[in-house]
Structure formats: C-alpha cells, structure tokens
Amino acid sequence: MVKKFSPNKTSDFMGLYVIHDEGNPIYVGISRKVINRIRQHVSGINDNDASLAFKMANHLHGVKGKRKSLMADDHFRTKFEQMKTRIRTMSVRFVQVDNDTELYLLEVFAAMKLDTSKWNTFRTH
C-alpha cells in the first residue's frame, strides 16, 4: 500500500524516492530506510553507498574498469566526491510503500515512466 508522506515524519520508512536535477527526474531508487539511503547517496564512502555518484563519476571519467580499481584511482575518486557534492544540490521526492512486491514493481514503472534510463539501468554489478 502506498501512503502519503508527512513532512513531520520523524522515523525512517520503506519506500521509493526520485532524485531531481533542476526539476528533472534523473534517478529512481527504493529502500527499506529511505531517509538513510538518501544520506548514503550524498555522504557514502564507497561505490555501493553512493551508487548514483559512482555512476555519474564513471560517466565523466570515461574509463572502463572494475569498481574497486576505479575507487582506488585518485582522479576518479575526486570526480566521485564532486558528484556527491552535486547530488546534495538536487531535490528528492519520496513516497512510503509498505508492500515489497508493490515497491519493486513501482521502482521499475517509475523509472520507465520518468525516463531515468541514463542512471537507472537495472543491470547487476
């Protein structure tokens, strides 16, 4: 069941979030702890925590390689940090979804509907 989110909510929740850059949706994500997950995107220290920043830095870096080796590269790491800073300037919208199946389906549907395919690839890594 999808619930409307109250801005006064003080506890974390399971749901879907959409990151917007200058008003345009660029990334759809889901989490059992949405608030914590959004924090990870902007302050995570590795490629799994800050996955969007990693994808953006990889796109800018233009070098193919294994995630671990890219994260060990100083030049790439600088771009990764810059992307986390950039994401901090973006806006986020979210909705609470309590049902696992609905949540997973909603993520794919929202990514397709909002055309976030540049950053939402649904490829495993």
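Nothing here was measured: the structure is a model prediction, and the numbers come from that model. Index from 1, following the sequence.
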> Does the pair R86 and D21 meet the rule for a salt bridge (charged side-chain N to carboxylate O under 4.0 Å, His left out), with working shown?
Replying inline: CA-CA 9 Å; R86 180 171 171 214; D21 187 14; 2.5 Å; yes
ask   = Between K84 (side chain) and A50 (backbone), is there a donor-acceptor pair under 3.5 Å?
value = no
Should Y17 and V28 count as side-chain neighbours, where that means a heavy-atom distance under 4.5 Å?
no
Would you say that more than 12 heavy atoms from the other residues, nucleotides or ligands in this model lie under 6.0 Å from the CG of L105, or not?
yes
Note: with side-chain heavy atoms under 4.5 Å as the link, the other cluster members for M71 come out as F54, L70, F76, F80
Next on the checklist: Between T89 (side chain only) and T85 (backbone N and O only), is there a donor and an acceptor less than 3.5 Å apart?
Outcome noted: no
Rounding to 0.5 Å, atoms CG (N24) and OG (S91) come to a distance of 9.5 Å
- Just by distance, do the side chain of S51 and the backbone of D47 share a donor-acceptor pair under 3.5 Å? no
What I'd like to find out is whether the side chain of H59 reaches to under 4.5 Å of the side chain of K118, using heavy atoms alone. yes
By side-chain contact (heavy atoms from CB on, under 4.5 Å), D74 pairs with (sequence neighbours left out) none
Path from L114 to Y104 over hydrophobic side-chain contacts below 4.5 Å:
yes
* Chi angles and distances behind the ring-ring contact (aromatic ring centres under 6.0 Å, His included) call for H41, Y27 -> CA-CA 11 Å; H41 276 295; Y27 185 79; 5.4 Å; yes
query = Does any non-hydrogen side-chain atom of V92 lie less than 4.5 Å from one of V18?
reply = no
Check against salt bridge (charged side-chain N to carboxylate O under 4.0 Å, His left out), R32 and D100: CA-CA 9 Å; R32 290 192 181 285; D100 287 334; 3.2 Å; yes
Q.
Test your reading of the model: is there a side-chain donor-acceptor pair from D12 to the backbone of N36, 3.5 Å cut-off?
A. yes
- Flag side-chain contact, heavy atom, 4.5 Å: M14 against V34: no
### Query
Is the backbone N or O of D49 less than 3.5 Å from a side-chain atom of R37, with the two atoms forming a donor-acceptor pair by type?
yes
Tracing side-chain contacts under 4.5 Å among Ile, Leu, Val, Met, Phe, Trp and Tyr outward from V108 reaches M112, F122
Closer than 3.5 angstrom, by distance alone: can the side chain of R88 be matched with the main-chain N or O of V42 as a donor-acceptor pair? yes
*Should F94 and I38 count as side-chain neighbours, where that means a heavy-atom distance under 4.5 Å?*
yes
